[in-house]
Amino acid sequence: MKIATWNVNSLTVRLPQVLDWLAAQASAGAPVEVLALQELKLSDDKFPAAAFEQAGYHAVWHGQKTYNGVALLARSPFNAVQRNLPGFEDEQARLIAATLGADDTQGSEGGASAPALRVVGAYFPNGQALGSDKFAYKLRWLEALRAWLADEMRRHPRLLLLGDFNITFDDADVWDPEGLRESIHCSSVERAHLQALLALGLHDAHRLFAQPPKSYTWWDYRQLGFQKNRGLRIDHILLSDALRPLATACQIDRSPRKNPQPSDHAPLWVQLQGL
DNA sequence: ATGCCTCAGCTCCTGAGA
């Protein structure tokens with residue numbers, strides 16, 4: 001089962017590329033079972049559910065006009081959909097969680113049905129600059145996420161957290177670690193929050209496998225950033241303890257970044273066996 | 001250069017992204 005995440009920077013602009021990419025993966029014999037999308041930049045009524053349905057995908061979404069917005073697509077239907085963090089007042093649409101397979105929160109016996117998979121798609125706040133109001137919001141959001149996930153993981157042992165985290169793990173995720181030291185996406189305080197998520201029992205799927213050096217998921221549109229591979233690895237897939245042994249591969253797909261009118265982010269996918 | 005692209009929208013400029 002292939003599970004992917006992609007910050008599309010406007011689903012209105014990128015819908016054809018998303019449909020093309022899904023079709024290309026299927027043609028290559030490895031169809032995408034689940035896709036998390038971020039930065040839809042459209043309101044709920046503008047979400048192209050019919051186009052995805054025609055492509056064979058169920059969808060759930062949490063849209064917002066102009067900014068943010070997240071969605072999950074899957075080839076099977078979702079249950080127990082959650083939008084944003086419970087108890088955290090937020091005008092910004094940044095998180096959507098849903099269950100694939102039998103709802104495992106009801107304590108049912110299961111029997112023949114496969115264990116459920118809890119999918120959490122998120123668009124973490126950017127933060128703009130250390131010390132700014134937006135940075136303070138980023139830190140509050142990160143703490144609310146961690147607190148909620150601690151409980152969520154107890155209820156759903158098979159859980160993935162994937163999306164645009166807007167945080168690098170370490171200097172290997174940064175094209176210019178010295179020039180960007182302690183700047184936004186690279187600061188110690190942001191990285192400590194990312195480590196706090198791992199401490200809940202989550203694992204960076206990308207680092208479970210050998211990867212090419214200078215593997216990034218985002219490149220600035222300006223100054224030929226992609227061509228010069230001046231990027232950051234800020235999009236991630238984290239796997240719970242129960243899912244970690246099922247992972248067989250994890251890759252960044254740079255090919256859509258070469259399209260005309262690309263997103264500034266590339267999709268990232270993980271392959272899980274036995275699901 | 002508080003710049004350089006790209007996107008949305010109170011659209012021919014501005015705010016936000018990362």
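Both backbone and side-chain heavy atoms feed into the values below; hydrogens, waters and symmetry mates do not. Chain identifiers are assigned alphabetically (A, B, ...) following the order of the sequence lines, protein sequences preceding nucleic acid strands; residue numbering begins at 1 within each chain.
Every residue was checked against the salt bridge (charged side-chain N to carboxylate O under 4.0 Å, His left out) condition with Arg257(A), not counting sequence neighbours, and none meets it. Partners of Phe124(A) under the ring-ring contact (aromatic ring centres under 6.0 Å, His included) rule, at least two apart in sequence or in another chain, are Trp141(A), Phe165(A). For Phe47(A), the ring-ring contact (aromatic ring centres under 6.0 Å, His included) partners two or more places apart in sequence, or in a different chain, are Phe52(A), Trp61(A). For Trp6(A), there are no side-chain hydrogen bond (donor to acceptor under 3.5 Å, both in side chains) partners two or more places apart in sequence or in a different chain. Annotation: salt bridge (charged side-chain N to carboxylate O under 4.0 Å, His left out) contacts of Asp241(A) (sequence neighbours excluded): none.
Of the candidate nucleotides dA18(B), dG17(B), dA8(B), dA18(B) has the atom nearest to the side chain of His185(A).
For Asp171(A) and Arg191(A), the salt-bridge test passes: some basic side-chain N is under 4.0 Å from an acidic carboxylate O. Looking at Arg140(A) and Glu143(A), no side-chain N of the basic residue comes within less than 4.0 Å of a carboxylate O on the acidic one, giving no salt bridge. Classification of Asp173(A) and Arg207(A) as a salt-bridged pair holds, one side-chain N sitting under 4.0 Å from a carboxylate O.
Straight-line distance between the P atoms of dT2(B) and dC13(B): roughly 22 Å, to the nearest whole Å. Between the P atoms of dT6(B) and dT11(B), the separation comes to 22 Å (whole Å). Nucleotides dA16(B) and dC10(B) are separated by 14 Å at their P atoms, to the nearest Å. Rounded to whole Å, the C1' atom of dA18(B) lies 14 Å from the corresponding atom of dC7(B). Spacing of C1' atoms, dC12(B) relative to dA1(B), comes out at 22 Å, to the nearest Å.
In this structure, CD of Glu190(A) is placed 11 Å from C1' of dA18(B), rounded to the nearest angstrom. In this structure, Phe124(A) atom CZ and dG17(B) atom C1' are separated by 17 Å, rounded to whole Å. The CD1 atom of Ile234(A) sits 6 Å away from the C1' atom of dA18(B) (whole-angstrom rounding). Computed from coordinates, the Asp264(A) CG to dA8(B) P distance equals 12 Å when rounded to whole Å. Separating the CH2 atom of Trp218(A) from the P atom of dG17(B) is a distance of 13 Å, rounded to the nearest angstrom. Across the protein-nucleic acid pair, Lys138(A) atom NZ and dA18(B) atom P stand 9 Å apart, rounded to whole Å. Between the P atom of dA18(B) and the CH2 atom of Trp219(A) lies a distance of 14 Å, rounded to the nearest Å. Between Gln38(A) atom CD and dG17(B) atom P there is a gap of 15 Å when expressed in whole angstrom units.
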What's touching nucleotides 4-7 of chain B from the protein side, N or O pairs under 3.5 Å?
{"unit_1": "dC4(B)", "atom_1": "O2", "unit_2": "Gln223(A)", "atom_2": "OE1", "d": "2.7"}
{"unit_1": "dC4(B)", "atom_1": "O2", "unit_2": "Gln223(A)", "atom_2": "NE2", "d": "3.1"}
{"unit_1": "dC7(B)", "atom_1": "OP1", "unit_2": "Arg14(A)", "atom_2": "NH1", "d": "2.9"}
{"unit_1": "dC7(B)", "atom_1": "OP1", "unit_2": "Arg14(A)", "atom_2": "NH2", "d": "3.3"}
{"unit_1": "dC7(B)", "atom_1": "O3'", "unit_2": "Ser10(A)", "atom_2": "OG", "d": "3.4"}

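Using a 4.0 Å heavy-atom distance criterion, Asn7(A) is classed as a sugar-phosphate-only contact. Using a 4.0 Å heavy-atom distance criterion, Tyr123(A) is classed as a sugar-phosphate-only contact. At the heavy-atom level, Asp164(A) lies under 4.0 Å from the strands shown only through sugar-phosphate atoms.
Taking for each of Thr66(A) and Asn166(A) the nucleotide of DNA chain B with the nearest heavy atom, the 5'-most of the two is the partner of Thr66(A).
When the side-chain nitrogen and oxygen atoms of Lys65(A) are compared with OP1 and OP2 of dA8(B), none of them lie within a distance under 4.0 Å. Here His265(A) reaches the OP1 or OP2 of dA18(B): one of its side-chain N or O atoms lies under 4.0 Å away.
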